[in-house]
*Asks:* 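Have a look at this one before I ask anything.
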Number of protein chains: 2
Amino acid sequence: MSLPNALLALLVVEPMTGYDLHKQFESSVGHVWHAPDSQIYPALKRMEAEGLLEGEDIPWGPRGKKRQYHVTAAGRAAFRNWMNTPLEYARTRDPAHLKAAYLEWAEPDAARRQLRAHIEHHAGLLEQWRDTVREIEDGTSTMLNRRLAHTPDADQEKTRAYKLFTYEGLMSQAEAEIAWARRGLKLVDRLNP
Amino acid sequence: MSLPNALLALLVVEPMTGYDLHKQFESSVGHVWHAPDSQIYPALKRMEAEGLLEGEDIPWGPRGKKRQYHVTAAGRAAFRNWMNTPLEYARTRDPAHLKAAYLEWAEPDAARRQLRAHIEHHAGLLEQWRDTVREIEDGTSTMLNRRLAHTPDADQEKTRAYKLFTYEGLMSQAEAEIAWARRGLKLVDRLNP
DNA sequence: CGTCACTAACTATGTCGATAGGTAGTTATC
DNA sequence: GATAACTACCTATCGACATAGTTAGTGACG
């Protein structure tokens, strides 16, 4: 359900090819929703069949061509509709906390390694997001600027503010994970003197 | 990869039937890893074929029978091995933050509704986990007590401590989500005077 | 004796998603 | 002009998961 809408979110800004979208999914949107190209190409076809998108072959080099998709009125309506529809929350599936619940089965050193890996993983994300926030604030985010170029002036502040809001949320998630894993390290030390 | 290990985590405590496990997945383990029975029964068969489990038919009533599974030495080793192996982190797929990033497309009231739903969802979880933590601390958690009954005295404190640690982690996740969504509500108000 | 909730187990279908390939054209660079 | 890196697109397979059913026995209650 989310993938078509993630694609729409990018395509309402400007027409793109599957390959362009696949690259965006490795950066910007990929921060909150990852998808491999093997999912993107079939999804675009399905969405075209459903009338959400229209594709057009445009030449690329002397012999090559590429298929560029743009959003139809129906697609725009579907996206707006999704944005106005409340989410259904999926039940939890959290391998890190699953393992944490049975950590007495791990060697103390293995437990420490995994908690440290948890910290590093989320510290990496945190750094990435801090950079993104800085770019949004500086106005040096190419992703956001492209989007703002297609946004009426009145809505520019909203667009910027919600982007910032999203990344700040991701940052507090990461911070919570890091703080938790640090407490875990102390706990492992206390239980294995 | 996680489902078989979640099943092992329960079965190393005591033998159970598929139905018992399915019930556990609606409470205890289900808090961190959800699975429907349609996944559990085939998984048990596969795990028996792989030698991780052994099943035995035990009578139930005058004509009925049920299949109870216990963990083999190989299963115990596999679980311990998994517990000692670092996690591979899957890339993010977070519909709530995906939608947040494009919230300017939603009607202000729809945005507010969704942020409130986000708060309620995580407040519900928070309450549930607070109860669980209280039960663990009080010693009234049947789940934990059953597990402790099969645990050598020396490891009882670890078992209890890691359970608490896990639920405290879930609680701080939920708290972070709630705080974030509350900031979101204020933001929607500020942007839509 | 009926019926209703529960225990027990399983199947079938469809989508989602990860992983791993493959083909073909283009552009840069050495 | 060779070749490497990149653009563009696509397929095939496998397991994960959701959803929705089916079948059958048990035990309690009225």
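Lettering follows sequence order; numbering is per chain, from 1.
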*Asks:* Have a look at B/D20 and say if it touches a base, only the backbone sugar-phosphate, or nothing, with a 4.0 Å heavy-atom cut-off.
*Replies:* sugar-phosphate

*Asks:* Let me know the distance between CZ of A/F25 and P of C/dA18, rounded to the nearest Å.
*Replies:* 12 Å

*Asks:* Please find out if less than 6.0 Å separates the ring center of A/Y89 from that of B/H118.
*Replies:* yes

*Asks:* Does D/dA16 have its OP1 or OP2 closer than 4.0 Å to a side-chain nitrogen or oxygen of B/Q39?
*Replies:* no

*Asks:* Need one value for B/H22: base, sugar-phosphate or nothing, where a base atom within 4.0 Å counts as base even if backbone is also close, heavy atoms only.
*Replies:* nothing

*Asks:* Can you tell me the distance, in whole Å, between the OH atom of B/Y69 and the C1' atom of C/dA8?
*Replies:* 11 Å

*Asks:* Which listed nucleotide (C/dT19, D/dC10, C/dA9) is nearest to the side chain of B/D37?
*Replies:* C/dA9

*Asks:* Between B/K186 and A/F165, is NZ or CZ placed under 6.0 angstrom from the six-membered ring centre and within 45° of the ring axis?
*Replies:* no

*Asks:* Mapping B/P42 and A/H34 onto DNA chain C by nearest heavy atom, which one lands closer to the 5' end?
*Replies:* B/P42

*Asks:* If we ignore angles and hydrogens, is there a donor and acceptor under 3.5 Å between the side chains of B/N5 and A/K99?
*Replies:* no

*Asks:* Before we go on, tell me: are the rings of B/Y19 and B/H22 under 6.0 Å apart, centre to centre?
*Replies:* yes

*Asks:* Distance check needed: C/dG17 P versus B/L3 CG, whole Å only.
*Replies:* 18 Å

*Asks:* As a test of reading the structure: which of D/dG25, C/dA9, D/dT7 is closest to the side chain of A/W60, going by heavy atoms?
*Replies:* D/dT7

*Asks:* Starting at atom CG of B/L7, determine the distance to atom P of C/dA9, rounded to an integer number of angstrom.
*Replies:* 13 Å

*Asks:* To the nearest Å, give me how far apart CD (A/E88) and P (D/dC17) are.
*Replies:* 18 Å

*Asks:* In whole angstrom, give the distance that lies between atom NZ of B/K66 and atom C1' of C/dC10.
*Replies:* 17 Å

*Asks:* Given C/dC10, C/dT19, D/dT26, identify the nucleotide with an atom nearest to the side chain of B/K45.
*Replies:* C/dC10

*Asks:* Quick one: which of D/dA12, C/dG25, C/dG17 gets closest to the side chain of A/S38?
*Replies:* D/dA12

*Asks:* Looking at D/dT26, C/dA9, D/dA8, which one has an atom nearest to any side-chain atom of B/R63?
*Replies:* D/dT26

*Asks:* Whole angstroms only, please: what is the CZ-P distance between B/R67 and C/dC10?
*Replies:* 8 Å

*Asks:* Between C/dG17 atom C1' and A/Y41 atom OH, what is the distance in whole Å?
*Replies:* 17 Å

*Asks:* Do any side-chain nitrogens or oxygens of A/Y19 fall under 4.0 Å of OP1 or OP2 in D/dT7?
*Replies:* yes

*Asks:* Donor-acceptor pair, A/T140 side chain versus A/I136 backbone, under 3.5 Å?
*Replies:* no

*Asks:* Quick one: is A/R93 getting a side-chain N or O under 4.0 Å of the D/dA18 phosphate, OP1 or OP2?
*Replies:* yes

